[in-house]
Amino acid sequence: MAVLQPAVARRRRSWRGWQFVGPFMLIFALVFLAPIVYSIYLSLYRNQLIGGNSFVGLDNYTRLFQDSQFWESFGRVAIFLVVQVPIMLILALVVALAIDSGRLYGKAFFRVSIFLPYAVPAVVATLMWGFIYGDQFGLVGNINDAFNISLPNPLSPHLALASIGNIVTWEFIGYNMLIFYSALRVIPGSLYESAALDGAGQFRIIRSIKLPAIRGALSIATIFSIIGSFQLFTEPVILQPLAPNAITTYFTPNLYAYQLSFSGQQYNYAATVAIIMGIITMVIAYVVQLRGNRES
C-alpha cells in the first residue's frame with residue numbers, strides 16, 4: 001500500500017489539471033472545432049434537385065478554383081491588404097512614437113482621442129461614414145451644393161474600396177497605436193540614457209532602440225491586420241444599399257459566402273468558400289509570424 005499511494009497521488013494530480021482546463025476545452029471544442037468540422041462536412045456535399053444532399057467529394061473545391069467571382073473578390077481584399085494595412089500601421093506607429101517621445105503636449109488627451117474610434121461599433125462607424133460619403137444627401141453633397149463644384153463620389157465603383165479602407169483605418173489606428181505604445185513603455189530607460197550620453201538624436205534612438213524593441217508588437221499587429229483584411233465584411237455589407245452598383249454581392253469573399261448561404265441557399269458552396277479563405281489566411285499569417293520571429 002505504501003508503494004501504491006504515491007502513484008495514486010500522482011494520478012490524482014494529473015486529473016486535477018484536466019479538471020481546470022476541461023471547461024475551456026469543452027467550450028473550445030463546441031464553438032471552434034465543431035463549426036470547422038461541420039463546415040468541412042458541408043463542403044463535401046451538394047444539395048441537388050434529384051437526390052437531395054449528395055456526397056460530391058472535392059467537386060465544390062474544383063468549382064471554386066474556377067469561379068471568377070471568388071477570385072475577383074479575393075484579388076480585391078488582397079489589394080486592400082497590400083495598400084491599407086501598411087498605411088494604417090505606419091500612421092499608428094508614428095502616433096505611438098509621438099506620444100512616447102514626451103514632447104507632445106496633452107499626450108493623454110491625444111491617446112484617448114485616437115483610441116476612441118475603436119470603441120465605436122463597426123456598424124455605427126460605417127453608417128456615419130456612409131452619410132459623410134453621400135453625394136446626394138451627405139457631406140460630399142453639401143460641399144458640392146455650397147461651392148457649386150463636383151467632387152468625386154466616394155462610393156463610386158472606382159473609389160468604393162479606398163473609401164472602405166479609410167473607414168477601417170479610422171477605426172483601427174487607435175487599436176494598433178495602443179499595441180505599439182504599450183511595447184514602447186516597457187523599454188528600459190537606461191537605454192535612452194546611454195544613447196543620450198553617446199550623443200544619439202531622436203531619429204537615431206527611434207531607429208536603433210525603439211523600432212528593434214517593438215518588432216514583436218509590429219509582427220502581432222501585422223498578423224491581426226492580415227486576418228482582419230481577409231475577414232472584411234461589415235463595412236461592405238452596410239454600405240451596399242448606398243452603393244449597389246459599386247459594392248456587388250461578391251465584393252469580398254466573406255460577403256460572397258454570406259450571399260451564397262443566405263440569399264442563394266447554397267450552404268455547401270458557401271462552406272467551401274469559408275474553408276479556402278480560412279486556409280489562405282492561416283498560411284499567410286503563419287508565414288508573416290515566422291518571418292517576424294526570424295528577424296527578432
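In this chain, numbering begins with 1 at the start of the sequence shown. None of the values given here were measured: they were computed from a predicted structure.
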Pair Q69-T249, side-chain contact (heavy atoms from CB on, under 4.5 Å): steps then yes or no: CA-CA 9 Å; Q69 292 184 343; T249 56; 5.7 Å; no
Gap between atom CD1 of I214 and atom CZ of R185 - 0.5 Å precision: 13.0 Å
Side chains of I132 and V140 in contact at under 4.5 Å (non-hydrogen atoms): no
Geometric class of the Y41/Y45 ring pair [parallel <30°, tilted 30-60°, perpendicular >60°]: tilted
Exercise: identify the closest heavy-atom pair between F251 and R76: O-NH1, 2.7 Å
Same apolar cluster (I L V M F W Y, side chains within < 4.5 Å links), Y269/F55: yes
Gap separating the CG atom of L260 from the OG1 atom of T272, nearest 0.5 angstrom: 9.5 Å
Sub-4.5 Å side-chain heavy-atom contact between R63 and D59: no
Closest contact, heavy atoms only, I238 versus P241: O-CD, 3.2 Å
Exam field: side chain S156 to backbone P152, donor-acceptor pair closer than 3.5 Å: no
Pairwise distance OG(S150) to CD1(I143) - rounded to 0.5 angstrom: 12.0 Å
Approximate separation, where rounding is to 0.5 Å, of L242 CG and N153 CG: 10.0 Å
Closest heavy-atom pair and its distance - S39, I275: CB-CD1, 3.8 Å
Distance flag, aromatic centroids of F137 and F131, threshold under 6.0 Å: yes
Under 3.5 Å donor-acceptor, S101 side chain and A98 backbone: yes
ILVMFWY cluster, Y38 and F28 together (side-chain gap under 4.5 Å): yes
In residues 216-236, what donor-acceptor pairs under 3.5 Å come from side-chain atoms, sequence neighbours left out?
{"residue": "T222", "atom": "OG1", "partner": "L218", "partner atom": "O", "Å": "2.7"}
{"residue": "S225", "atom": "OG", "partner": "A221", "partner atom": "O", "Å": "2.8"}
{"residue": "S229", "atom": "OG", "partner": "S225", "partner atom": "O", "Å": "2.9"}

Nearest heavy atoms of A125 and V120, plus distance in Å: N-CG1, 3.9 Å
Side chains of I149 and L151 in contact at under 4.5 Å (non-hydrogen atoms): yes
With a 3.5 Å cut-off and sequence neighbours excluded, list the donor-acceptor pairs that the side chains of residues 162-181 form with protein atoms.
{"residue": "S163", "atom": "OG", "partner": "P154", "partner atom": "O", "Å": "2.5"}
{"residue": "S163", "atom": "OG", "partner": "L159", "partner atom": "O", "Å": "2.9"}
{"residue": "N166", "atom": "ND2", "partner": "Y133", "partner atom": "OH", "Å": "2.9"}
{"residue": "T169", "atom": "OG1", "partner": "Q84", "partner atom": "NE2", "Å": "3.1"}
{"residue": "T169", "atom": "OG1", "partner": "G165", "partner atom": "O", "Å": "2.7"}
{"residue": "N176", "atom": "ND2", "partner": "F172", "partner atom": "O", "Å": "2.8"}

Check: P253 and V77 side chains under 4.5 Å, non-hydrogen atoms: yes
Y61 versus S43, side-chain donor and acceptor atoms under 3.5 Å: yes
Audit row: T62, Q66, side-chain contact (heavy atoms from CB on, under 4.5 Å) steps and yes/no: CA-CA 7 Å; T62 304; Q66 299 172 352; 4.0 Å; yes
Shared hydrophobic cluster for V112 and F110 (ILVMFWY, side-chain gaps under 4.5 Å): no
Geometric class of the F115/Y118 ring pair [parallel <30°, tilted 30-60°, perpendicular >60°]: tilted
side-chain contact (heavy atoms from CB on, under 4.5 Å) between F74 and I280, intermediate numbers included: CA-CA 10 Å; F74 177 79; I280 293 174; 3.7 Å; yes
OH/Y192: more than 12 non-hydrogen atoms of other groups inside 6.0 Å: yes
Donor-acceptor contact below 3.5 Å, side chain S208 vs main chain I205: no
Check: P244 main-chain N/O paired with T248 side-chain donor or acceptor under 3.5 Å: no
Test: D100 and K210 ion pair at under 4.0 Å: yes
Shared hydrophobic cluster, I79 / M277 (ILVMFWY, side-chain heavy atoms < 4.5 Å): yes
Path from V273 to F65 over hydrophobic side-chain contacts below 4.5 Å: yes
Over all atoms of both residues, closest heavy-atom pair of P35 and A29: CD-O, 4.5 Å
Heavy-atom check, side chain of V56 versus side chain of L44, under 4.5 Å: no
Audit row: F70, I276, side-chain contact (heavy atoms from CB on, under 4.5 Å) steps and yes/no: CA-CA 11 Å; F70 169 77; I276 292 298; 4.1 Å; yes
Donor-acceptor side-chain pairing of Y256 and D67 below 3.5 angstrom: yes
Validation row: L127, L239 side chains within 4.5 angstrom (heavy atoms): no
Side-chain touch L255/I247, heavy atoms, less than 4.5 angstrom: yes
